[in-house]
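To keep things clear, I will list the structure first and then write my remarks on it.
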Amino acid sequence: MKHYDAQEVEKKWQEYWKKHNIYRTEDKVEGKENFYALSEFAYPSGNLHVGHWYAFAVPDIYARFKRMSGYNVLYPMGFDAFGLPAENAAIKRGLDPKDWTYKNIEYMRKQLDSMGASFDWERMIITADPEYYKWTQWMFIQFYKHGIITRVKTKANWCDSCKTVLANEQVIGGKCERCDSEVVQKDMMQWAFKITDFADELIDDLDTLDWDESIKQAQREWIGRKEGSEISFPVVVNGKDKEPVKILIATNNKSKKARVQKLLEKNNIVVDLVSPSELGIENIDVAEEGTLEENAIAKAQAYREYTNLPILANDTSLVIDGVELDPVRVKRNALGHLDEHDLSQEEIAQKILDFYIDIIKEKGGKVDGYWYEKWALVMPDGATHISEAKRNIVLTDEIHGEVDLYFPLRSLYYSQDTGKYHHEATEEDYLLEMQPVVSALKQLLNFVRGGGETEIKVFTTRADTLFGVTYVVLAPEHPLVEKLKDRIENWEEVEAYLKEVEKKSDLERQQDKTKTGVPLKGITAINPANGEEVPVWIADYVLPHFGTGAVMAVPAHDERDAEFAIKYDLPFRFVVLPSAGEVGNSRPLVTSGENEFILKAGEGKKGQEKINAEWNAMYDLLNEVHEQGGVLPKGKRFSCAFEGKLINSGAYSRMTSQEARDALTEALGGKKVKTYRLRDWAISRQRYWGTPIPMVYDPEGNPHPVPEEHLPWTLPEDVDHTPDGTAPLARSEELKKRTEELFGEGWTPEIDTMDTFVDSSWYFYRYLDPHNDEVFAGLEKRRLWMPIDLYFGGAEHTTMHLLYSRFWVKALHKIGIVEEREPYKQRLNRGLILGPDGAKMSKSKGNVINPDEVVAQVGADTVRMYLAFIGPFNEPGNYPWDPNGVVGVRRFIERVYGLGDVLKETSPEAVVKLTHKTIKKVTEDVERLKLNTAISSMMTLVNAMEKQGVGKTEYELLVKMFSAFAPHMGEEIWQEVLGNEGSIHLSDWPKYDEAMMQESELTLPVQVNGKVRAQLTISADATEEEVKNLVRELPELQKWIEGKDIKKLIYVKGKIVNVVV
RNA sequence: GCCGAGGUGGUGGAAUUGGUAGACACGGAGGACUUAAAAUCCUUUGCCUUCGGGCGUGCGGGUUCAAUUCCCGCCCUCGGCACCA
């Protein structure tokens, strides 16, 4: 066999290709479709590692395949040359970052050439070239003019070790992505792209892209769109420095007045109520007959729609079917269903408020108002009786005098003593029913005191749990805290807490999830759903940047609130009956908090039984606390976040969570809002080695863009770029002088540089027209190539570069600069090459493979092919580098080469057939980037050719396919062994011939009861009947079918025979 | 916890619409060549076996003549998000 000296062969052909300029890519070739294959460009770190080979050499196989398949393929390369690592390395070595970077680029270009990659170097770009960043700056200015980038004071992620600001995407778990030191929050003036304005588009347009679902999903989650409601909670300020104002609600019943007054006396407001009987509604006598309860129970059950929950009694002796029942609750539920208000409680509250405000406007005038409430009763015969009641309240305050109001009250209970149904309100009922009224009055009071417009806006995805709100939490950073400083009674305590929080780094705040907080004494909020007054706290588990920075806390339905509420002893009110799922398919109950009683119920049980026991334990408790409006007792304060149907929620009870979210949001004047996790993209960097921000400031400090004729706005070179926390550009005399000369005295330059992700957000356009100095890329050229057909890159850029560049194109599109809305049609994340030990390659582990060394030993062709063979390129997995595997691939290349020595006149028929089958398989596999199986089928073919012999025709077909993987050896065989003229890489990809693949006979597996027992060789055109007859006769089969009936004989044409006995 | 992708020999992986599970390669075992080693070549290699066969694609069920593939329930690994209301 010929000796294979990879070094020599590769050098020879690399020079040949260069000399003949075979990789030059024209913008347009007659009769060929353009195909833009892009691999993320290189960072000029100074050395090419295995990852680079995987990133560039393997996609090169695809680019070559496409080119041979008749496409005009653009597969360019460039350098992402600005940025921190280059600068840090330069500082460490006492060099200029520019010299260091450009030297690295020069060296890396040579290394890249050693791959045998088909880059068109005439299109190379370097983002640090002024010819390049001129256009980065130009685009920046266009965005500035359209308000897509603005200057804002914002909390920035500051890395004290790198002395610069980091983007959110560069902070990993509270630490700097680059140096792993802790990131602190610092208030800074920053130029920020309004990427959030494009958040919806960035999510919605993902659906139009042919990307792997996991990449799309990662972007969706990063953007983090949540749809929910924004609801206002009015704030009640205690007004410690104001005179108390009294509102008196009068009644004509002395004893009741005293009792209710005591109950409701709060915050300088005195409210008293009248009971229905005092308003001319007498108790209705209902003849006691045995069927009444049954009747009512049936109605109540229908109403509640619990099928797996019996309605249990807990305080009466009424027994039906051996089950004790509670007639009070039963009847109340039934009435709730039939009860027909003309107005909702919220509307009533609103009316009272409007009414009262009108009075204020009239300065104490007296207005009469009333409305009716309808009553309903279930009679023994099932009939429903409805009556009306007219109620009144008199409001009085010291400023506005006495006002008469009418409002409804309702209640009904069954008295065992009298055996009659009585209309009477319990104290709790009065409280509950009056809450909207009280709430309205308190808002009013607050208004009168001058604090009326204060409200807390909360964001919630669970507006259905509003009736379960028992407190409100603000983020410590919430502006209202500072605003209400004077009104907060425990300011010292609050201030101490704020300091404590400020001291905590974001990292600590993320890691330490124990909840802390302090109440804002003297401040309360009103739950707009039920008018209840709830305490306001600040706590650092509420994040300032998400939603509105304020949360309505629902301990019974939110795990975090539950933890906080247990710690600080705040009440739990259960208002959503969790849904157990579809009938007959109930799911495990998930709860947290003091849920031991639920877990205990399920202890020792399994499967559905356990699930049922736990659900029932919860149902039992909810039944017990129904009377208390769902307030959970100590020891059983648990939370459950499941959705379901509302309970203990006034007029909204029985609604589903989904219905209630809409209904409550609308009724309470809230709005449906979307909120995003994505933050605006702050790009100011206090470092030297980056694209200068093309802005200058007038003597008043107002920013102005540098006019286009002065672009590129060059990076000054007279700068000591050692970082000290101030921007190095501030130290440039040249830049200062340049600014004053061009704009006038007192004008100053912007001294921050841009994040490097800005440079890489549009680089793919520049490859199309790299030397154009009129425009960043000509429209015609963009039309020929964009959008990119296939983009190869690393998974680490999913939520950074990939998102930024999508935003960039959308922004350019929005202001009419480009036509496309998306840059990349198809995206492929590559996997990771691990060290031979299966761990990530790292110097400390000593498992780093240096590709230069391997190439020196076995050649670039082997390394390329090995990387393609190591695992499926279309699935991003982690593949360990196996030095033995490399040798195996090298052996394969040698065998292909060796075949050239033993060529026959013609190939045997079997080899011809296999060759065409292999062409089909390889073509299909490469097209979907399953390069590993493409190679293995070529290996199979080569094995057959070695054993059976091969002629020139088939050998040439093999070598053409092979040359995409091993371009140097492919060329060597093509020109030197086969004596062809011109490069193999300009030849056509082989086409398979279906006719050549036809086999005259084929071998079928024969199964008996699904197990393979024999093989049967038949002619390709055998009919089903013939095959079946042959099978029955098959000698090897007799022992399996002897003495048994053949029940069925299945023949799948050309595939398999199955005998069922 | 939520979302996504997966789980196949000693290893990387293959099986394109349900149709012979383990292609191809590495590693192992045996042999040839050699003074020897490397390299190369040949044979063999899922597990168990009483040599008839049986069992095998994370686990348990189901559908089917036939399941790595489809359905139901669980377990595990990797990736993304996560005190996100």
Side-chain angles (χ1 to χ4, degrees), chain A residues 1 212-224 226 228-229 458-463 465 473 475 509-515 539-543 545-554 557-561 563-564 585 590 592 607-608 641 675-677 795 798-799 829 834 838 866 869-872 875-889 891-892 894 921 924-925 928 930 932-943 946 1003-1015 1039 1047-1061:
Chain A
M1 190 196 278
D212 199 74
E213 191 52 39
S214 58
I215 309 175
K216 292 191 197 177
Q217 195 55 29
Q219 288 210 347
R220 287 190 196 106
E221 268 160 33
W222 183 265
I223 297 167
K226 286 248 162 65
S229 309
V458 304
F459 173 77
T460 179
T461 55
R462 291 297 303 274
T465 62
V473 195
R509 208 162 146 176
Q510 262 178 42
Q511 280 173 351
D512 181 17
K513 294 192 176 172
T514 49
K515 292 180 177 53
D540 69 352
Y541 80 92
V542 174
L543 305 172
H545 299 301
F546 189 80
T548 57
V551 173
M552 57 176 230
V554 188
H557 299 289
D558 183 283
E559 202 179 324
R560 294 149 302 171
D561 297 340
E563 194 191 326
F564 191 80
N585 189 19
V590 179
S592 61
Q608 195 62 45
T675 179
Y676 305 89
R677 200 194 85 99
T798 301
T799 53
N829 279 3
L834 306 174
Y866 173 65
F869 187 57
I870 201 166
E875 288 170 31
N878 297 335
Y879 309 112
W881 177 278
D882 176 5
N884 290 312
V886 176
V887 174
V889 170
R891 214 145 42 205
F892 171 65
E894 284 171 9
K921 169 91 174 138
E924 287 168 2
D925 282 355
R928 58 196 175 113
K930 288 216 60 170
N932 54 335
T933 50
I935 294 170
S936 71
S937 48
M938 284 192 286
M939 285 173 167
T940 307
L941 177 63
V942 168
N943 287 344
E946 277 184 341
T1003 302
L1004 295 181
V1006 181
Q1007 297 181 329
V1008 177
N1009 287 343
K1011 296 221 157 90
V1012 181
R1013 300 299 183 188
Q1015 301 287 324
K1039 75 186 254 205
K1047 280 191 193 158
K1048 219 179 194 180
L1049 221 166
I1050 294 151
Y1051 171 53
V1052 183
K1053 195 168 187 322
K1055 287 258 168 88
I1056 202 165
V1057 183
N1058 194 3
V1059 184
V1060 187
V1061 295

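Here is the naming used below: chain letters follow the sequence lines, and residue numbers restart at 1 for every chain.
Pairing for B:rU64 is absent, with no Watson-Crick or G-U wobble pair whose two atom distances lie under 3.5 Å. The partner of B:rU40, taking Watson-Crick or G-U wobble pairs whose two distances both stay under 3.5 Å, is B:rA32. Pairing partner, B:rC74: B:rG58, with both Watson-Crick or wobble hydrogen-bond distances short of 3.5 Å. Pairing for B:rC81 is with B:rG1, a Watson-Crick or G-U wobble pair whose two hydrogen-bonding atom distances lie under 3.5 Å. The pairing partner recorded for B:rU50 is none, the criterion being a Watson-Crick or G-U wobble arrangement whose two distances lie under 3.5 angstrom.
Taking syn as a glycosidic angle within 90° of 0, B:rG79 does not qualify and is anti. In this structure, B:rG30 shows a glycosidic angle more than 90 degrees from zero, which is the anti conformation.
Remark: A:Asn829 is not in phosphate contact with B:rG79, judged by side-chain N or O atoms under 4.0 Å from OP1 or OP2.
Across all strands, A:Asp561 comes closer than 4.0 Å to no nucleic acid atom at all (heavy-atom distances). If you check every strand for non-hydrogen atoms under 4.0 Å, A:Val551 touches a base. Using a 4.0 Å heavy-atom cutoff across all strands shown, A:Gln1007 reaches at least one base atom of the nucleic acid. Among the atoms of the strands shown, base atoms are found under 4.0 Å from some heavy atom of A:Gln1015.
The two residues A:Leu1004 and A:Ile1056 have their closest heavy-atom pair at CD2-N, 4.1 Å. Across A:Leu543 and A:Asp540, no two heavy atoms sit closer than the pair CD2-O, 4.5 Å. Shown here for A:Phe546 and A:Lys226, the closest heavy-atom pair between the two residues is CZ-CG, 4.3 Å. Heavy atoms only, all atoms of each residue included: A:Met552 and A:Asp561 are closest at O-OD2, 3.9 Å. Taking both residues in full, the closest heavy atoms of A:Val551 and A:Val458 are given as C-CG1, 3.8 Å, listed atom of the first, atom of the second, then distance. Taking every heavy atom of both residues into account, A:Ala553 and A:Val473 meet most closely at CB-CG2, 4.2 Å.
With hydrogens and angles disregarded, no donor-acceptor distance shorter than 3.5 Å links the side chain of A:Asn932 to the backbone of A:Ile870.
To the nearest whole angstrom, the two P atoms, one in B:rU69 and one in B:rG56, are 13 Å apart. Separation of the P atoms belonging to B:rA21 and B:rG54 is 13 Å when rounded to the nearest angstrom. When the C1' atom is used for both B:rU63 and B:rC55, the distance is 23 Å, rounded to whole Å. Distance check on atom P: B:rU45 versus B:rC24 gives 12 Å, rounded to whole Å. Between B:rG60 and B:rC76, the distance separating the two C1' atoms is 15 Å to the nearest Å. Rounded to a whole angstrom, the distance from the P atom of B:rA85 to that of B:rU11 is 42 Å. Annotation: B:rU17 and B:rU68 have their P atoms spaced 16 Å apart (nearest Å). Going from the C1' atom of B:rA67 to that of B:rC48 covers 23 Å, rounded to whole Å.
Nucleotide B:rC83 holds its P atom 7 Å from the CG atom of A:Leu543, rounded to whole Å. A:Leu941 places its CG atom 12 Å from the P atom of B:rA25, with the value rounded to the nearest Å. Distance CD1 (A:Ile1050) to P (B:rA66): 8 Å, rounded to an integer number of Å. Here the P atom of nucleotide B:rG18 and the OH atom of A:Tyr1051 are 19 Å apart, to the nearest Å. Look at CE on A:Met938: it is 13 Å from P on B:rA25, rounded to the nearest Å.
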Annotated protein contacts, base or backbone, on nucleotides 36-56 of chain B with a non-hydrogen cut-off under 4.0 Å, one of B, S, - each: ----S-----------SSSS-
In the 5'-to-3' direction, what one-character label does each nucleotide of nucleotides 2-16 of chain B receive under the scheme B = base within less than 4.0 Å of a protein heavy atom, S = sugar-phosphate only, - = no such atom? -BS-------BSSSB
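Within the 4.5 Å cutoff, the side chain of A:Phe892 has no heavy atoms near those of the A:Ser936 side chain. A:Thr460 has its side chain within reach of A:Arg462: a pair of non-hydrogen atoms, C-beta onward, lies under 4.5 Å apart.
Checking A:Met552 against A:Thr1003, the closest nucleotide of RNA chain B that is more toward the 5' end is the one next to A:Thr1003. Along RNA chain B, the nucleotide nearest to A:Val1059 and the one nearest to A:Tyr676 differ in position, and the one closer to the 5' end is contacted by A:Val1059.
Of the candidates A:Val889, A:Thr933, A:Val886, A:Phe869 forms a side-chain contact (heavy atoms from CB on, under 4.5 Å) with just one, namely A:Val889.
Set against B:rU20, B:rA25, B:rU17, the side chain of A:Lys1055 has B:rU17 as its closest nucleotide. For A:Val1012, whose side chain is taken as the heavy atoms from C-beta onward, the closest listed nucleotide among B:rA85, B:rA21, B:rA25 is B:rA21.
Below 30°, between 30° and 60°, or above 60°: for A:Phe564 and A:Tyr541 the angle between ring planes is between 30° and 60°, a tilted geometry.
Side-chain N/O atoms of A:Lys1048 and base N/O atoms of B:rC65 include no donor-acceptor pair closer than 3.5 Å. Side-chain atoms of A:Asn884 and base atoms of B:rC26 include no donor and acceptor less than 3.5 Å apart.
For A:Asp882, the side chain to side chain contact (heavy atoms under 4.5 Å, CB included) partners at least two apart in sequence or on another chain are A:Tyr866, A:Asn884.
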